[in-house]
Novice: 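Here it is, the structure, as structure tokens.
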Amino acid sequence: MTSASPRPSRSAAAFGGAAPVVVADAAELRAWRDALPPEERLGLVPTMGALHAGHAALIERARAECDRVAVSIFVNPAQFDEADDLAAYPRPLAADLERCAALGVDLVHVPDAADVYPAGFGTWVVPDAVGDVLEGACRPGHFRGVLTVVLKLLQRFRPHRAYFGEKDAQQAFLVRRMVRDLELAVEVVEVPTLREDDGLALSSRNVRLAPEDRVEALRLSRALAAAAAAFAAGERDPEALRAAMRAVFAEPGARARLEYAEVVGVADFLPASASTPLPWRALVAARVGAVRLIDNQALTEPS
Ligand code: AMP
């Protein structure tokens, strides 16, 4: 299918579900939302498209817990600090709509940038220092863009629940905190990271990996596994855990370029010291060829 039309060109029945309503316009979306019976629970899955099985896990969770499921597909320019990354971001809209149909999504919102950020737009959600570490340090302004668009989507949809992946753990932390701090009437649900059999976390960016880089990309999950193994063996010095992750990227022949290997306390999402209360989370970001990948893993006491 090559059409970029906002509606599937084949019958949705061919994909196992009824065609979702596809809405670009905010006013049309509001009309759909206003027409929902008040007793129906709405689940929202915000995405940037290029949907894969990880997104599907969020949608399936929403489908199981809510009466209606909406997906937004918006490659949000405000959260990209590199024009090349924004330009190269995959946008297979027709395939995304097929996947949404197959998953029983009721509505897909595909706004364009001028609709989300009209002329004169000038109000942003800016997180405190947690927004400036890790992803925020590597991608200045990233979380200002993320939180602003998530708040706008929550306003547009007024969902009962909004679904986010642990894959973007810092994002999920910041969204959850925004919801609490700004007293938004929505329940944030976090869904575990879906991985390939060899451990690679599913990501829309994986399709851009050159075949020879696919195996290099495994250094991220291998580094996290090294930290988790050291933690399970009793290591409680975050610096030693960071070193265990760095070692995977320092192996002879390694080509992946590490951006950070960090351990944070999950309570404040700031770099952990030995006195930071458990649980902790290990996080890595690395460039593999031209592709930037992130991954993370919980470090918890065995129960
Ligand atoms: P994105 O389209 O990359 O902005 O992702 C949309 C949502 O899907 C975010 O909440 C992500 O954390 C989540 N997500 C992305 N990859 C995965 C994955 N491998 N497993 C589970 N959730 C994911």
Side-chain angles (χ1 to χ4, degrees), residues 43-65 69-82 85-86 88-93 95-97 99-100 103 105 108-111 113 116 134-136 139 142-154 157 159 161-179 186-209 214 217-218 220-221 224 266 269 281 283-285 291-298:
L44 172 65
V45 182
T47 82
M48 298 202 299
L51 302 181
H52 51 65
H55 297 109
L58 272 64
I59 294 169
E60 279 163 359
R61 178 83 175 268
R63 193 67 280 171
E65 295 179 353
V69 176
V71 170
S72 60
I73 297 178
F74 179 54
V75 183
N76 176 27
Q79 70 188 67
F80 284 79
D81 61 316
E82 289 178 11
D85 190 27
L86 175 61
Y89 203 86
R91 291 168 170 83
L93 182 59
D96 285 350
L97 295 178
R99 200 180 262 270
C100 286
L103 290 165
V105 171
V108 183
H109 182 36
V110 280
V116 178
L134 302 161
E135 286 304 285
R139 308 177 68 187
H142 174 66
F143 289 117
R144 175 181 105 133
V146 168
L147 294 184
T148 302
V149 82
V150 170
L151 178 59
K152 290 198 66 151
L153 291 169
L154 293 175
F157 281 95
R161 293 187 174 183
Y163 294 81
F164 293 87
E166 276 178 14
K167 163 80 171 26
D168 297 276
Q170 188 179 10
Q171 167 177 283
F173 174 91
L174 287 167
V175 167
R176 197 182 275 289
R177 205 182 53 163
M178 173 179 75
V179 164
V186 63
E187 190 182 332
V188 174
V189 180
E190 277 173 59
V191 178
T193 301
L194 213 82
R195 299 175 178 282
E196 307 276 11
D197 289 344
D198 59 9
L200 181 68
L202 295 187
S203 163
S204 303
R205 291 187 167 90
N206 291 353
V207 298
R208 292 175 49 213
L209 286 169
R214 174 65 182 67
L218 292 176
L220 284 90
S221 52
L224 295 170
V266 300
F269 228 89
R281 190 167 279 273
L283 304 102
V284 283
V291 185
R292 186 172 183 280
L293 299 174
I294 62 173
D295 200 356
N296 68 86
Q297 182 167 328

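We count ligands from 1, going down the list as the structure has it; atoms in each ligand are counted the same way. The residues of the chain are indexed from 1 along the displayed sequence.
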Novice: Of the backbone atoms (N, CA, C, O) and the side-chain heavy atoms from C-beta on, which set of His52 has a member under 4.0 Å from an atom of ligand 1: side chain, backbone, both, or neither?
Specialist: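 Answer for His52: side chain.
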
Novice: Applying a heavy-atom cut-off of 4.0 Å, say which part of Pro192 lies close to ligand 1: side chain, backbone, both or neither.
Specialist: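 Within the 4.0 Å criterion, Pro192 contacts ligand 1 through backbone atoms alone.
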
Novice: Quick check: do Ile294 and Leu283 have side-chain heavy atoms less than 4.5 Å from each other?
Specialist: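 Contact flag for Ile294/Leu283 side chains = no.
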
Novice: If you count the atoms of ligand 1 from 1 in the order shown, which ones are under 4.0 Å from a heavy atom of Gln171?
Specialist: 9 (C), 10 (O)

Novice: Evaluate side-chain contact (heavy atoms from CB on, under 4.5 Å) for Met48 paired with Val149, printing each intermediate quantity in order.
Specialist: CA-CA 11 Å; Met48 298 202 299; Val149 82; over 6 Å; no

Novice: Classify the ring geometry between Phe80 and Tyr89 as parallel (under 30°), tilted (30 to 60°) or perpendicular (over 60°).
Specialist: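 The arrangement is perpendicular - the two ring planes meet at more than 60°.
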
Novice: Under the salt bridge (charged side-chain N to carboxylate O under 4.0 Å, His left out) criterion, do Arg176 and Glu190 qualify, and how do the steps go?
Specialist: CA-CA 9 Å; Arg176 197 182 275 289; Glu190 277 173 59; 3.0 Å; yes

Novice: Check salt bridge (Lys or Arg N to Asp or Glu O under 4.0 Å) between Asp81 and all other residues, then give those that pass, not counting sequence neighbours.
Specialist: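 By the salt bridge (Lys or Arg N to Asp or Glu O under 4.0 Å) rule, Asp81 matches Arg139.
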
Novice: Please could you name the atoms of ligand 1 that Phe164 approaches to less than 4.0 Å, counting only its heavy atoms?
Specialist: 10 (O)

Novice: Return the closest protein heavy atom for atom 3 (O) of ligand 1 as residue, atom name and distance.
Specialist: Tyr89 OH, 3.8 Å

Novice: Examine Asp168 against ligand 1 and note whether any of their N/O atoms are separated by less than 3.5 Å.
Specialist: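 Yes - when backbone and side-chain N and O of Asp168 are compared with those of ligand 1, one distance drops under 3.5 Å.
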
Novice: Report yes or no: does Ser221 contribute a side-chain atom to a donor-acceptor pair with the main-chain N or O of Leu218 at less than 3.5 Å?
Specialist: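 Checked: pair present.
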
Novice: Give me the nearest non-hydrogen protein atom to atom 23 (C) of ligand 1 as residue plus atom name, then the distance to 0.1 Å.
Specialist: Lys167 CB, 4.0 Å

Novice: Counting heavy atoms only, which part of Val45 comes closer than 4.0 Å to ligand 1: side chain, backbone, both or neither?
Specialist: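 None of Val45 does.
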
Novice: In sequence, state the C-alpha distance, the side-chain angles, and the governing distance for Val69 and Leu103, and then conclude on side-chain contact (heavy atoms from CB on, under 4.5 Å).
Specialist: CA-CA 10 Å; Val69 176; Leu103 290 165; over 6 Å; no

Novice: Does Leu202, backbone or side chain, put an N or O under 3.5 Å from an N or O of ligand 1?
Specialist: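 Yes: some nitrogen or oxygen of Leu202 is under 3.5 Å from one in ligand 1.
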
Novice: Consider every N or O of Leu194 and every N or O of ligand 1, then say whether any pair is closer than 3.5 Å.
Specialist: yes

Novice: With sequence neighbours excluded, what pairs up with Glu196 under the salt bridge (Lys or Arg N to Asp or Glu O under 4.0 Å) test?
Specialist: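 Checked Glu196 against salt bridge (Lys or Arg N to Asp or Glu O under 4.0 Å); zero matches.
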
Novice: Out of Leu58, Val75, Asn76, who gets a non-hydrogen atom closest to atom 22 (N) of ligand 1?
Specialist: Leu58

Novice: Taking only heavy atoms of Met48, which atoms of ligand 1 are found under 4.0 Å from at least one of them?
Specialist: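 Listed by number with element: 1 (P), 2 (O), 4 (O).
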
Novice: Using a plain distance cutoff, I'd like to know if Gly165 has any nitrogen or oxygen under 3.5 Å from a nitrogen or oxygen of ligand 1.
Specialist: yes

Novice: Check ligand 1 against Thr193 and write out every atom of the ligand that is under 4.0 Å from a heavy-atom position of the residue.
Specialist: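 Checking each atom against Thr193, I get 19 (N), 20 (N), 21 (C).
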
Novice: Does Asn206 use its side chain to pair, donor to acceptor, with the backbone of Ala201 at less than 3.5 Å?
Specialist: yes

Novice: Below a 4.0 angstrom heavy-atom separation, can you tell me which part of Pro46, side chain or backbone, both or neither, approaches ligand 1?
Specialist: backbone

Novice: Should the proximity of His55 to ligand 1, defined as any heavy atom under 4.0 Å, be assigned to the side chain, the backbone, both, or neither?
Specialist: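 The side chain, only.
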
Novice: Is it the case that the side chain of Asn296 and the backbone of Arg281 share a donor-acceptor pair, with hydrogens and angles ignored and the cut-off at 3.5 Å?
Specialist: no

